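Presented below is the structure to which this report refers.
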Amino acid sequence: MSEFDESMKHAIEQARLGAAEGGIPIGAALVSGDELLAVGRNRRVQRASPTLHAEIDCLERAGRQPASVYRQATLFTTLSPCYLCTGAVLLYGIPRVVIGENRTYSTSEDLLRSHGVEVVVLDLDECAELMREFIAARPQLWHEDIGNDYQG
């Protein structure tokens with residue numbers, strides 16, 4: 001059992017909720033010490049938003065926090081973060097990102113590390129399977145989410 005299991009469970013639960021709502025199954029949780037500050041899920045489809053990724057939704061739900069809170073927090077995400085979400089991590093000085101899996105998608109982990117962010121990849125089959133099933137069922141939506149044209 002990993003020290004990250006409980007917090008990652010919250011992110012996975014959010015990913016499953018997002019999928020059940022017809023959205024993209026990516027979830028996030030923001031934790032400071034033992035306190036769960038917020039959870040979020042990719043709600044681009046549900047809210048017709050170009051930017052409401054799981055990590056952004058989670059930060060939004062956490063509300064305004066003092067900089068000191070962000071500087072002690074860990075962001076858990078079921079999928080390796082994109083540049084948008086990486087930018088938010090860097091902007092708020094979040095020192096650690098724990099990733100459920102990066103087999104499906106990985107673009108910004110080196111950028112995070114180059115700015116001193118600790119990146120932990122758990123490589124969870126459960127997270128990878130959520131994405132595999134989603135991409136097989138809705139490839140056009142997946143490509144839209146990551147900013148690619150779908151050639152189907």
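Side-chain atoms are counted along with the backbone in the values below, which use heavy atoms only and exclude waters and symmetry mates. What you are looking at is a predicted structure, and each value in this text was computed from that prediction instead of being measured.
- Ion pairing of Asp5 with Lys9 is absent here, as no side-chain N (NZ or NE/NH1/NH2) approaches a carboxylate O to less than 4.0 Å.
- With no hydrogens or angles considered, no side-chain donor-acceptor pair links Ser80 and Glu101 at under 3.5 Å.
- Applying side-chain hydrogen bond (donor to acceptor under 3.5 Å, both in side chains) to Glu21 and the options Arg43, Arg41, Arg16 leaves one that passes, Arg41.
- Residues Ile135 and Ile12 do not share a hydrophobic cluster, defined by chaining ILVMFWY side chains whose heavy atoms lie under 4.5 Å apart.
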Given the rule in the side chain to side chain contact (heavy atoms under 4.5 Å, CB included) test, do Val97 and Thr74 qualify, once you have shown the distances and angles that lead to the verdict?
CA-CA 6 Å; Val97 175; Thr74 299; over 6 Å; no
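- Hydrophobic clustering keeps Phe76 apart from Leu79 (ILVMFWY residues linked when any side-chain heavy atoms are closer than 4.5 Å, directly or through intermediates).
- Note: the hydrophobic cluster containing Met8 does not contain Leu17 (ILVMFWY, side chain heavy atoms under 4.5 Å, direct or indirect links).
- Counting heavy atoms from C-beta outward, Thr104 and Trp142 have side chains that approach closer than 4.5 Å.
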Intermediate values then yes/no, side chain to side chain contact (heavy atoms under 4.5 Å, CB included), Thr77 and Cys85:
CA-CA 10 Å; Thr77 179; Cys85 300; over 6 Å; no
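- The main-chain N or O of Arg44 is found under 3.5 Å from a side-chain atom of Asn42 such that the two form a donor-acceptor pair.
- Within a 6.0 Å sphere centred on CZ of Arg113, other residues, nucleotides and ligands contribute more than 12 heavy atoms.
- The two atoms that bring Thr86 and Ser108 nearest to each other are OG1-OG, 2.6 Å, heavy atoms only.
- Side-chain contact between Arg96 and Phe4 is present, with heavy atoms from C-beta onward closer than 4.5 Å.
- With sequence neighbours left out, Glu60 forms a salt bridge (charged side-chain N to carboxylate O under 4.0 Å, His left out) with no residue at all.
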Distance-only donor-acceptor hits, side chain of residues 25-39, under 3.5 Å, sequence neighbours excluded:
none

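- Side chains of Glu118 and Pro95 form no contact here, defined as non-hydrogen atoms less than 4.5 Å apart.
- Between Pro81 and Thr107 the shortest heavy-atom distance is O-OG1, 3.9 Å.
- Put simply, Leu84 and Val119 are part of two different groups of oily side chains (I, L, V, M, F, W, Y) that touch within less than 4.5 Å, one to the next.
- When every heavy atom of Ile94 is checked against every heavy atom of Ala73, the shortest pair comes out as CG2-O, 3.6 Å.
- For the pair Leu91/Tyr70, no side-chain contact is recorded, criterion being any heavy-atom separation below 4.5 Å from C-beta on.
- With a 4.5 Å cut-off on side-chain heavy atoms, Asp125 and Arg103 count as touching.
- The 12-atom threshold is not exceeded at CZ of Arg71, counting heavy atoms of other residues, nucleotides or ligands nearer than 6.0 Å.
- A 4.5 Å side-chain heavy-atom check between Thr78 and Leu130 finds every atom pair outside the cut-off.
- Shown are Leu122, Val120, Val121; of these, the side chain to side chain contact (heavy atoms under 4.5 Å, CB included) with Ile99 is made only by Val121.
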Let's go through Gln140 and Glu144 carefully: what are the C-alpha distance in whole Å and the side-chain angles of both, what is the deciding distance for side chain to side chain contact (heavy atoms under 4.5 Å, CB included) to 0.1 Å, and is it a yes or a no?
CA-CA 6 Å; Gln140 185 169 359; Glu144 174 192 318; 5.8 Å; no
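- More than 12 heavy-atom neighbours from other residues, nucleotides or ligands sit within 6.0 angstrom of OH on Tyr105.
- The closest side-chain heavy-atom distance from Val89 to Glu55 is not below 4.5 Å.
- A donor-acceptor pair under 3.5 Å is absent between the side-chain atoms of Glu109 and the main chain of Ser106, judged by distance alone.
- A donor-acceptor contact shorter than 3.5 Å links the side chain of Ser114 to the backbone of Leu111.
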